[in-house]
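Contents: one structure, followed by commentary.
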Protein chains: 2
Amino acid sequence: MKIGEVARKTGVKAETIRFYEREGILNAPPRTRSNYRDYGPAEAATLVFIRRARDLGFSMPDIRELLELSNEDDRSCAAVDSLARAHLDQVKRKIAALQVMRDELSRMIAKCEQDTISECRIIDTLAVRDR
Amino acid sequence: MKIGEVARKTGVKAETIRFYEREGILNAPPRTRSNYRDYGPAEAATLVFIRRARDLGFSMPDIRELLELSNEDDRSCAAVDSLARAHLDQVKRKIAALQVMRDELSRMIAKCEQDTISECRIIDTLAVRDR
DNA sequence: GCTTGACCTTGTAGTGGCTACAAGGTGCAT
DNA sequence: ATGCACCTTGTAGCCACTACAAGGTCAAGC
Ligand SMILES: [Zn+2]
Ligand SMILES: [Zn+2]
Ligand SMILES: [Zn+2]
Ligand SMILES: [Zn+2]
């Protein structure tokens with residue numbers, strides 16, 4: 001499979017695939033005689049793994065570790081679990097921070113009565129002149 | 001005021017203040033004879049404005065626009081409001097996306113029963129071998 | 001056999017919002 | 001005179017891509 005085909009099959013863009021190879025999270029595939037990358041199903045599977053993990057917000061160092069762990073079939077999965085749990089915690093913290101922003105923005109917007117800028121409660125809230 | 005003092009007063013680090021000057025969202029202040037930046041209260045106020053807006057997640061282009069608008073006292077604040085509303089929408093979308101991640105991660109983690117990696121439901125969910 | 005077009009190759013630079021140096025200048029106290 | 005905190009400029013790094021530029025390869029159609 002050439003890079004374009006594996007890109008279509010896995011949902012990972014060709015440029016991103018080359019980027020993953022440069023970063024060392026995807027093994028470099030063999031080349032055809034015209035120097036095109038020639039992928040097999042194993043690489044496609046790795047790419048799907050990477051894409052799913054990225055969709056769940058895992059970082060590239062996380063994914064590198066998950067990929068290594070996924071090959072050690074008979075070890076305990078404790079490391080996988082704690083990595084996933086740590087990541088879940090981080091996602092929860094990010095949500096909480098965004099909810100604070102959302103609530104503050106909503107309050108700010110609700111107070112504005114579409115007047116002139118000198119009366120605008122949004123600008124007031126941001127500027128030192130407020131309160 | 002030298003940069004360190006205004007940094008302490010506004011909660012914006014000196015390096016970040018210089019960065020804002022380079023980016024053109026904070027005016028370059030006059031210099032002392034020894035070439036140190038010499039800030040007055042107006043620049044400090046601008047920095048507090050920027051910091052508050054950043055805390056609410058506004059982007060630097062957004063902030064540039066908010067700063068420009070904040071000087072036009074007698075214009076309507078419609079532009080301010082729509083900018084804030086657009087930003088709120090974006091924050092809400094980000095929260096929704098993170099909640100999807102959170103729920104998927106939680107489900108994945110809950111299914112794992114701390115077995116070997118070949119049985120791990122987390123790895124299974126990511127890999128093609130799943131289902 | 002020659003052109004067109006889709007695809008592939010490498011390398012480099014840009015995105016956002018900082019942060020972290022490196023290498024040197026200034027100001028004040030001891 | 002020495003030390004130390006502070007300031008200056010410039011450059012590079014962070015993350016996960018994305019967007020070129022400039023060129024090579026291959027099949028189809030005329
Ligand atoms: Zn993580
Ligand atoms: Zn308003
Ligand atoms: Zn915004
Ligand atoms: Zn597990």
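The analysis underlying the following values was restricted to heavy atoms, covering all of them including side chains, and did not include hydrogens, waters or symmetry mates.
Across all strands shown, A:Arg33 has no heavy atoms under 4.0 Å from either base or sugar-phosphate atoms. Using a 4.0 Å heavy-atom criterion, one finds that B:Tyr20 contacts the sugar-phosphate atoms exclusively.
Atom OH in B:Tyr39 sits about 14 Å away from atom C1' in D:dC6, given to the nearest Å. What separates CD of A:Gln90 from P of D:dC15 is a distance of 12 Å, to the nearest Å. Distance NZ (B:Lys2) to P (C:dT26): 13 Å, rounded to an integer number of Å. Atom CZ of B:Arg31 and atom P of C:dT26 are 13 Å apart (whole Å). Atom CZ of A:Arg37 and atom P of D:dG24 are 17 Å apart (whole Å). To the nearest angstrom, C1' of C:dT15 lies 13 Å from CZ of A:Phe19. Separating the CZ atom of B:Arg18 from the P atom of C:dC21 is a distance of 14 Å, rounded to the nearest angstrom. The CD1 atom of B:Ile25 sits 11 Å away from the C1' atom of C:dC18 (whole-angstrom rounding).
Here B:Ser34 reaches the OP1 or OP2 of C:dG27: one of its side-chain N or O atoms lies under 4.0 Å away. The phosphate of C:dT19 has OP1 or OP2 within less than 4.0 Å of a side-chain N or O from B:Thr16.
A salt bridge does not link B:Arg64 with B:Glu68: none of the charged nitrogens is closer than 4.0 Å to a carboxylate oxygen. Here A:Asp55 does not pair with A:Arg52 in a salt bridge; the nearest charged N to carboxylate O distance is not below 4.0 Å.
For B:Asn71, the CG atom is densely surrounded, since the number of other residues' heavy atoms within 6.0 Å is greater than 12.
With C:dT19, D:dC17, D:dT8 as the choices, the nucleotide that has an atom nearest any side-chain atom of B:Asn35 turns out to be D:dT8. Comparing D:dC7, C:dG27, C:dC8 by their closest approach to the side chain of B:Ile3 singles out D:dC7. Of the candidates C:dA20, D:dA16, C:dG17, the closest approach to any side-chain atom of A:Arg54 belongs to D:dA16. Set against C:dT19, D:dA16, C:dG17, the side chain of B:Lys13 has C:dT19 as its closest nucleotide.
Considering all non-hydrogen atoms of both residues, B:Val6 and B:Ala44 come closest at CG2-CB, 3.9 Å.
A 4.5 Å side-chain heavy-atom check between B:Gln114 and A:Asp81 finds at least one atom pair inside the cut-off.
Taking for each of A:Asp38 and B:Gly57 the nucleotide of DNA chain C with the nearest heavy atom, the 5'-most of the two is the partner of A:Asp38. Residues B:Ala14 and A:Arg22 both approach DNA chain D. Their nearest nucleotides, taken by heavy-atom distance, put B:Ala14 toward the 5′ side. Toward the 5' end of DNA chain C, the nearer of the two residues B:Thr32 and B:Met60, judged by each one's closest nucleotide, is B:Met60.
Taking NZ of B:Lys2 as the reference point, atom OG of B:Ser34 lies at 7.0 Å (rounded to 0.5 Å).
For DNA chain C, each stem of at least three Watson-Crick or G-U pairs (distances under 3.5 Å) is given as range with range: C:1-30 with D:1-30.
The hydrophobic clustering, which links ILVMFWY residues whose side-chain heavy atoms are closer than 4.5 Å, places A:Leu69 and B:Ile109 together.
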### Query
What's the verdict on side chain to side chain contact (heavy atoms under 4.5 Å, CB included) for A:Tyr39 and A:Leu26, showing C-alpha distance, side-chain angles and the deciding distance?
CA-CA 11 Å; A:Tyr39 293 100; A:Leu26 181 69; 4.2 Å; yes

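No N or O donor and acceptor, one from the side chain of B:Tyr36 and one from the base of C:dG27, sit under 3.5 Å apart.
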